[in-house]
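This report concerns only the one structure given below.
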Amino acid sequence: MTSPFHYHDQQLWCDDVPLAALAEAYGTPLYVYSAAAVRGNYQRLAAAFAPLRPQICYAVKANGSLALLRLLREEGAGFDIVSGGELDRTRRAGADPASLVFAGVGKTDAELREALAARVGWFNVESADELARLNALAAAAGARARVALRLNPGVDPDTHHHIRTGGLHSKFGLPLAEALALAARWGDFPALYLRGAHIHIGSQVPDATPTLAAVEVALTFIAQAPSIDTLDLGGGFPVPYREGDDYAPVEAFAAPLVERLRPLAGRLHFHLEPGRYLVADAGALLATVQAVKDVAGRRTLIVDAGMQTLLRPALYDAHHRVAPLRAGGDTVPTDVAGPICESADYLARDRALPHLRPGDRLALLEAGAYGYSMASRYNAHPLPAEALVEGGAHRLIRRRETYADLAAADV
Ligand code: LLP
């Protein structure tokens, strides 16, 4: 996917719209997404895995904007949800409940009841206690629920320690032996069907090697649990964030998995749970420079977005490319920081940027995934606005919050 964000006449555009026009129309900080890029990413992932004919369940946690959920539903996506709140959002977006996979390590009784009442397609269960609770709640509701057991395959991918989930001591999933023991006493869970195995070993997984290792664990499990007809491969497909990032393109990521699993496609259905891959490069965060500080040979731009708008740099040392809305001129090494009263509140460090002044604008690129969805109101900043570009047109898809929104839940 070539980025929807590109320079034309020294101006940064999203598809056929200059970003300066969006900043004028909606203000900053502003998240901007390209509908074409989201669609393109979905179609490219679907094509890479086409021989497995997977149900693609978009991981809502990456970006839960209703407009994006609707757009992905139109492309044919189901959804991976991890909370009652995400269940509610997918329903507002018109999702078919049968296309929902309810994952997550800490589902509450209330959330399980809501999901049972909504008749979600799948429950990806992560512990023996959750299984027993779900069985009791389903029985009480007179329902029978379809379950996939999430395995902890004991595989640790080479990714940031905060976003890897497959190691044996991670809180996620069931070790193989425990999953087998549960399958062997499935008679204890008469309100549940054991129909699936689920793996998800982390996010931004560099290539398919660790996923293949996890697949072998899942296939060992499936071989001993004959009622299983579905394998959920999770998400984690990587996205380059900086020049020179060397991650497997999705076709290369998919190829060995397709080769290994294709012979089983007659007997198994497949689920994928991509989040980042579908939306990361489709989105940017626009910010306006408030102040320029040159101290001891170092330039710092203070902008109106910060860790409250885009948490990834502060939380993971994540890298987002910085692109001024107007390019050109000499560059100077520059840090970009937000307004929050925390030393961690930097969006970027030591970037070659032109001489920007207060009022100038810049974009943080590859911000479509885990950007808005992880934003907070820290320091009482209202949540930012979001806009969607469709070709040469644009529209607001979530309004900027007001101070009244900030006070709405106070009693
Ligand atoms: N399935 C499960 C069970 C997950 O836990 C996740 C992500 C996904 C699918 C989607 O993974 P993806 O395709 O987006 O890699 N906030 C972090 C990423 C956390 C991912 C959490 N789980 C970040 O900003 O990098």
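Start at 1 with the first residue, then count along the sequence.
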Cation-pi, Tyr241 ring and Arg312 (6.0 angstrom, 45 degrees)
yes
Using the six-membered ring of Tyr193, assess whether NZ or CZ of Arg144 lies under 6.0 Å from its centre and within 45 degrees of the ring axis.
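Checked: cation-pi criterion met.
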Check whether more than 12 heavy atoms from other residues, nucleotides or ligands sit under 6.0 Å from atom [atom1] of [X], and answer yes or no.
| X | atom1 | answer |
| --- | --- | --- |
| Asp317 | CG | no |
| Arg146 | CZ | yes |
| Gln43 | CD | yes |

Please answer whether the main-chain N or O of [Y] pairs with a side-chain N or O of [X] as donor and acceptor at a distance below 3.5 Å.
| X | Y | result |
| --- | --- | --- |
| Trp122 | Ala103 | no |
| Glu401 | Leu383 | yes |
| Asp281 | Ser3 | no |
| Asp345 | Ala337 | no |
| Arg73 | Ala93 | yes |

Please report the C-alpha distance between Glu342 and Tyr378 in whole Å, then the side-chain angles of each, then the deciding distance to 0.1 Å, and finally whether the side-chain hydrogen bond (donor to acceptor under 3.5 Å, both in side chains) criterion is met.
CA-CA 11 Å; Glu342 298 265 352; Tyr378 188 37; 2.6 Å; yes
Looking at residues at least two apart in the chain, or sitting in another chain, which of them share a salt bridge (Lys or Arg N to Asp or Glu O under 4.0 Å) with Asp350?
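Partners of Asp350 under the salt bridge (Lys or Arg N to Asp or Glu O under 4.0 Å) test: none.
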Minimum heavy-atom separation for [X] and [Y], please, with both atom names.
| X | Y | result |
| --- | --- | --- |
| Gly338 | Ile302 | O-CG2, 4.0 Å |
| Cys57 | Pro274 | O-CD, 3.7 Å |
| Asn379 | Cys341 | OD1-N, 3.3 Å |
| Asn124 | Lys107 | O-NZ, 2.7 Å |
| His200 | Gly235 | ND1-N, 3.0 Å |
| Leu19 | Cys14 | CD2-CB, 3.7 Å |

Side chains of Thr334 and Arg351: do they bring a donor and an acceptor to under 3.5 Å?
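Distance-only check fails for Thr334 and Arg351.
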Carboxylate-amine/guanidinium contact [X] [Y], below 4.0 Å:
| X | Y | answer |
| --- | --- | --- |
| Glu390 | Arg395 | yes |
| Glu273 | Lys61 | no |
| Asp129 | Arg133 | no |

Validation row, ring centre Tyr316 to ring centre Tyr370 under 6.0 Å
no
For Tyr372 and Tyr31, take the angle between the two ring planes, folded into 0 to 90°, and tell me which bin it lands in: parallel under 30, tilted 30 to 60, perpendicular over 60.
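Tyr372 and Tyr31: perpendicular rings.
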Hey, mind stepping through Leu301 and Leu362 against side chain to side chain contact (heavy atoms under 4.5 Å, CB included) and telling me if it holds?
CA-CA 10 Å; Leu301 303 180; Leu362 50 79; 4.0 Å; yes
Please walk me through it: do Tyr277 and Phe253 pass ring-ring contact (aromatic ring centres under 6.0 Å, His included)?
CA-CA 12 Å; Tyr277 182 80; Phe253 200 107; 9.4 Å; no
Are the side chains of Ile199 and Val155 in touch, meaning some heavy atoms are under 4.5 Å apart?
no
Flag side-chain contact, heavy atom, 4.5 Å: Val389 against Leu22
yes
Run the side-chain hydrogen bond (donor to acceptor under 3.5 Å, both in side chains) check on Ser203 and Arg276 step by step: do they pass?
CA-CA 8 Å; Ser203 198; Arg276 185 191 315 271; 2.7 Å; yes
Working for salt bridge (charged side-chain N to carboxylate O under 4.0 Å, His left out), residues Arg44 and Glu251:
CA-CA 8 Å; Arg44 185 170 161 191; Glu251 293 78 13; 2.7 Å; yes
